[in-house]
Amino acid sequence: MSINDLAGSETQGTSRFDEHGIEPIPHTARDSTPWQQFWIWSGANIAPINWVLGALGVTLGLSLLETLAVIAVGNLAGCAIFGLFNVMGHRTGVNQMVLSRAPFGRRGAVVPGVVQGLLTMGWVGVNTWVVLDLVLAVLGQMGIHGGTGLKYLVAAIIMVVQLGLALYGFYAIRTFEKYTVPITVLVMMIMTVLALGQADPSWTAATATTPAAKITAVTQLLTAIGIGWGISWLPYSADYSRFIKVQASGRSVFWSTALGTYVPTVWLAALGACLAGAGSGTDPSGLVIDAFGVMAIPVLILIMHGPVATNILNLYSCSLAALSIGVRIKRWKVTLIAGTVASAVLLVFVQADSFAHAFDQWMGSILVWISPWASIVLVDFFILRRGRADVPSLYRDDASPYGPVNHRALISLGLGLIAAWSWQFGTVPAAQGPIARALGETDFSWLSGSLVAGGLYYLFAVRGRRRPAGVQDVMREAALPR
Ligand SMILES: Nc1ccnc(=O)[nH]1
């Protein structure tokens with residue numbers, strides 16, 4: 001092999017255009033490593049939104065220690081489930097929304113596919129919007145003032161960069177995260193040292209003092225940034241793990257993706273909580289500027305990197321969701337459309353600020369959807385199919401043994417949604433279910449939703465299996481000579 005060949009295969013291997021759609025990734029094309037996956041998921045979660053969410057614990061009335069404990073323990077569970085979903089992609093080479101056809105049927109899976117496509121675009125809007133005030137505040141500190149016009153300019157720059165990378169596809173995504181994430185980790189380390197040096201947080205002061213008030217706050221925080229954070233990424237997992245080398249062990253897939261999500265999420269949320277616990281308030285721009293005024297440029301890079309590193313996944317997964325529901329145009333064109341819709345969402349957010357302020361609301365609501373869906377997928381793959389999938393059938397009408405639309409899965413999903421909503425406690429009355437109100441404003445939506453949906457799906461499936469056998473028995477008996 002000549003040097004040129006080597007150089008050629010290197011460029012091919014790192015940032016070539018991604019031609020893949022939703023067909024299974026052939027074994028020979030699966031060249032991603034667990035380390036690359038670690039950087040991808042770290043990048044996706046080094047999001048400024050996390051330190052805002054970390055501050056939420058203190059806002060809800062918990063002490064700093066309690067907040068840190070909920071975040072650290074809750075994410076253990078959420079990120080472990082996330083690791084399991086990644087194993088599904090590695091075992092099959094198939095993206096998450098096509099894998100969803102196994103329980104829901106090829107056409108039944110259009111329902112989760114459509115919802116996932118819409119959620120990804122909402123995320124792009126939220127993630128970009130959340131940094132705009134921060135960027136403007138940091139720029140202001142550097143003497144650059146520009147009002148709304150500057151805000152639109154920053155939004156447009158972020159949007160163009162993330163759209164360009166997502167259009168290029170998986171290989172551009174992994175190369176971007178591999179090179180930028182270690183640098184942002186370094187900036188985060190310096191920020192952490194600075195923050196903890198300047199802040200003198202009170203570890204045990206809490207405004208929620210009764211046990212009931214504490215339990216309420218703990219459950220709400222668990223939903224927002226404890227277990228809920230890992231769950232919010234489940235519909236994306238296999239879209240990236242489908243590229244991991246076939247020879248990589250299941251364990252390495254699990255640990256690289258689970259830790260890639262766990263480490264930055266817990267780290268940033270803890271940092272946000274510490275700053276809020278030091279009494280700098282919970283306005284994110286205030287938090288950051290107060291603590292990091294001295295190093296505005298690295299912080300600016302970190303902040304602008306956040307939405308890009310996250311949204312390239314949202315935009316890419318959006319295009320796969322669209323292809324999975326049967327949209328028949330090229331992947332990159334779908335990404336372009338998704339970017340346009342997401343820009344419109346962003347525009348609405350910028351103009352109606354208070355609308356997007358209810359971020360807690362957004363997290364809570366998406367979990368009401370994702371938890372029941374994920375529970376059905378998990379039960380189907382790991383319990384009923386014992387961790388295997390019949391990949392070719394996923395592209396035919398017999399993906400589910402119950403036909404192109406598996407009504408049992410859809411009914412389980414519908415009832416799971418109701419169960420999740422019943423125990424959801426959001427900030428607006430429509431998002432406050434009867435169980436949540438009756439039980440002291442607690443929020444266990446992710447638990448009630450997943451138990452009901454996964455439990456029902458399991459029972460339906462087991463009964464459905466017995467019935468054909470039963471019918472055969474009756475037929476055999478009827479055929480016996482008397
Ligand atoms: N937590 C998140 C899940 C999915 N997409 C995001 O942008 N963020």
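Just follow the structure's listing: the first ligand is 1, and inside any ligand the first atom is 1. Quick note: residue numbers are just sequence positions, from 1. We use all heavy atoms of the structure for the numbers below, so side chains are in, but hydrogens, waters and symmetry mates are not.
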Specify the protein heavy atom at minimum distance from [atom]: its residue, its atom name, and the distance to 0.1 Å.
atom: atom 1 (N) of ligand 1; value: Ser232 OG, 2.9 Å
atom: atom 6 (C) of ligand 1; value: Trp123 CD2, 3.2 Å
atom: atom 5 (N) of ligand 1; value: Asn314 OD1, 3.0 Å

Notebook entry, point to check: How about Phe82 and Trp41: are their ring centroids closer than 6.0 Å?
Noted result: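 Yes, ring centres under 6.0 Å apart.
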Margin query: So that I know where these two stand, are Tyr240 and His90 an aromatic pair - ring centroids less than 6.0 Å apart?
Written below: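 Between His90 and Tyr240, which both carry aromatic rings, the centre distance is not below 6.0 Å.
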Sub-4.0 Å atoms of ligand 1 with respect to non-hydrogen atoms of [X]:
X: Asn127; value: 6 (C), 7 (O)
X: Tyr236; value: 4 (C), 5 (N)
X: Thr310; value: 6 (C), 7 (O)

Notebook entry, point to check: Regarding Arg16 and the six-membered ring of Tyr171, is the cationic atom NZ or CZ under 6.0 Å from the ring centre and inside 45° of its axis?
Noted result: yes
Margin query: Whether the Tyr457 and Asp380 side chains hold a donor-acceptor pair (N or O, under 3.5 Å, no angle test) is what I'd like checked.
Written below: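 Yes - a donor-acceptor pair under 3.5 Å links their side chains.
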Check: Has the side chain of Lys178 got a donor or acceptor atom that lies under 3.5 Å from a matching backbone atom of Trp39?
Finding: no
